[in-house]
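Structure first, then comments.
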Amino acid sequence: MKNILHIISSAREDLSYSKGLSSAIVEKISQQNNIRQITVRDLVKDMPPLANEVDWMKLWN
């Protein structure tokens with residue numbers, strides 16, 4: 001079983017060609033393979049938190 005992580009970063013919503021293309025690719029892959037889970041992350045609708053200085057220091061120490 002495989003998982004797919006579909007990351008969307010276009011602010012154009014339904015007018016985005018890349019979003020439509022990537023959705024079609026994910027759909028085609030999921031039909032042809034044994035896919036356990038498809039996770040969609042829309043970075044425009046649900047923006048990840050920004051890293052601050054404390055977060056960066058944790059990475060390097």
Side-chain angles (χ1 to χ4, degrees):
M1 296 277 229
K2 298 177 183 178
N3 297 323
I4 294 176
L5 174 58
H6 184 191
I7 300 174
I8 301 168
S9 62
S10 177
R12 295 187 66 208
E13 303 259 339
D14 295 333
L15 299 175
S16 171
Y17 292 111
S18 61
K19 183 177 176 182
L21 178 62
S22 64
S23 295
I25 291 170
V26 167
E27 181 66 28
K28 185 86 167 177
I29 290 171
S30 66
Q31 290 173 355
Q32 295 177 351
N33 294 291
N34 191 9
I35 304 299
R36 180 176 63 187
Q37 180 179 4
I38 299 173
T39 303
V40 178
R41 295 284 185 248
D42 190 329
L43 301 180
V44 174
K45 290 182 180 177
D46 188 23
M47 189 173 186
L50 300 175
N52 57 32
E53 184 179 358
V54 173
D55 295 330
W56 284 109
M57 293 305 292
K58 288 178 186 176
L59 287 173
W60 300 109
N61 291 327

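Computed from a predicted structure; not experimentally measured. All heavy atoms count here, side chains included; hydrogens, waters and symmetry mates do not.
L43 belongs to a hydrophobic cluster whose other members, connected by ILVMFWY side-chain contacts under 4.5 Å either directly or through intermediates, are L5, I7.
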Quiz: residues 44-59 side-chain donor-acceptor pairs under 3.5 angstrom, not counting sequence neighbours:
unit_1, atom_1, unit_2, atom_2, d
N52, OD1, V54, N, 3.1
N52, OD1, D55, N, 2.9
D55, OD2, N52, N, 3.3

For residues 19-28, dump all side-chain donor-acceptor pairs below 3.5 Å to protein atoms at least two apart in sequence or in another chain.
unit_1, atom_1, unit_2, atom_2, d
S22, OG, H6, NE2, 2.8
S22, OG, S18, O, 3.0
S22, OG, K19, O, 3.1
S23, OG, K19, O, 2.9
E27, OE2, Q31, NE2, 3.0

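Around the CG atom of N3, the shell of radius 6.0 Å holds more than 12 heavy atoms that belong to other residues, nucleotides or ligands.
The two residues S30 and I38 make their nearest non-hydrogen contact at CB-CD1, 3.8 Å.
Put simply, CZ on R36 and CD1 on I4 are 12.0 Å apart, with the number rounded to the nearest 0.5 Å. Here the CE-CG distance, from M1 to N34, works out to 5.0 Å after rounding to the nearest 0.5 Å.
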